[in-house]
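It should be emphasised that the depicted structure is a prediction, and the values quoted were computed from it without experimental measurement. In this chain, numbering begins with 1 at the start of the sequence shown.
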Amino acid sequence: PTSYKRYGVDWNGDGKVSLFDVSDAIASCANYLAKSGWRRNIPKRLQEEVIWQYNRSSPYVNTVLNIFERLSVN
């Protein structure tokens, strides 16, 4: 509940944060990452550290960054 209150974003403007709403969920995740140190074009080592703060599992971190790399437009 504290993460929800701290990082939740009402992106669709309906007056409530719902992590079941895709736009709110994506904006909330982005808010968490930004407040955890994620910046555009940070080195991969720093990307790993930010994701590691959320989930201390190397397979998780590697999977998230692999998906990020596949979705990124350079």
Side-chain angles (χ1 to χ4, degrees):
T2 57
S3 294
Y4 177 82
K5 291 178 181 179
R6 182 177 299 153
Y7 304 110
V9 175
D10 175 21
W11 188 257
N12 66 6
D14 67 356
K16 62 183 178 185
V17 175
S18 172
L19 299 182
F20 296 102
D21 177 89
V22 174
S23 59
D24 286 2
I26 290 171
S28 297
C29 289
N31 188 38
Y32 171 84
L33 291 171
K35 289 184 176 179
S36 296
W38 189 278
R39 300 291 178 265
R40 184 181 299 269
N41 299 319
I42 61 173
K44 185 163 184 166
R45 180 185 59 77
L46 295 177
Q47 292 174 349
E48 292 169 346
E49 289 178 14
V50 170
I51 302 300
W52 183 262
Q53 290 176 51
Y54 175 74
N55 186 322
R56 289 171 165 76
S57 162
S58 293
Y60 179 85
V61 171
N62 294 334
T63 300
V64 168
L65 291 177
N66 186 299
I67 293 169
F68 169 72
E69 289 170 4
R70 290 176 181 219
L71 293 175
S72 292
V73 177
N74 294 323

Under 3.5 Å, which donor-acceptor pairs do the side chains of residues 22-29 form with other protein atoms, sequence neighbours left out?
| from | atom 1 | to | atom 2 | distance (Å) |
| --- | --- | --- | --- | --- |
| Ser23 | OG | Asp21 | OD2 | 2.5 |
| Asp24 | OD1 | Trp11 | N | 2.8 |
| Asp24 | OD1 | Asn12 | N | 3.1 |
| Asp24 | OD2 | Ser18 | N | 3.0 |
| Ser28 | OG | Val9 | N | 2.8 |
| Ser28 | OG | Asp24 | O | 2.7 |

Determine all donor-acceptor pairs shorter than 3.5 Å in which one atom belongs to a side chain in residues 30-37; sequence neighbours excluded.
| from | atom 1 | to | atom 2 | distance (Å) |
| --- | --- | --- | --- | --- |
| Asn31 | ND2 | Tyr7 | O | 2.9 |
| Ser36 | OG | Tyr32 | O | 2.9 |

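Taking both residues in full, the closest heavy atoms of Lys16 and Asp10 are given as O-OD1, 3.1 Å, listed atom of the first, atom of the second, then distance. Contact between Lys44 and Leu65 at its shortest, heavy atoms only, is CE-CD1, 4.3 Å. The two residues Asn55 and Tyr60 come nearest to each other via the heavy atoms CB-CD2, 3.4 Å. Smallest separation of non-hydrogen atoms from Tyr4 and Leu19: CD1-CD1, 3.6 Å.
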### Query
Do Phe68 and Trp38 pass the ring-ring contact (aromatic ring centres under 6.0 Å, His included) test, and can you show the C-alpha distance, the side-chain angles, and the key distance before you say yes or no?
CA-CA 13 Å; Phe68 169 72; Trp38 189 278; 5.2 Å; yes

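Of the possible polar contacts, none joining the Asn66 side chain to the Arg70 backbone as a donor-acceptor pair under 3.5 Å is found.
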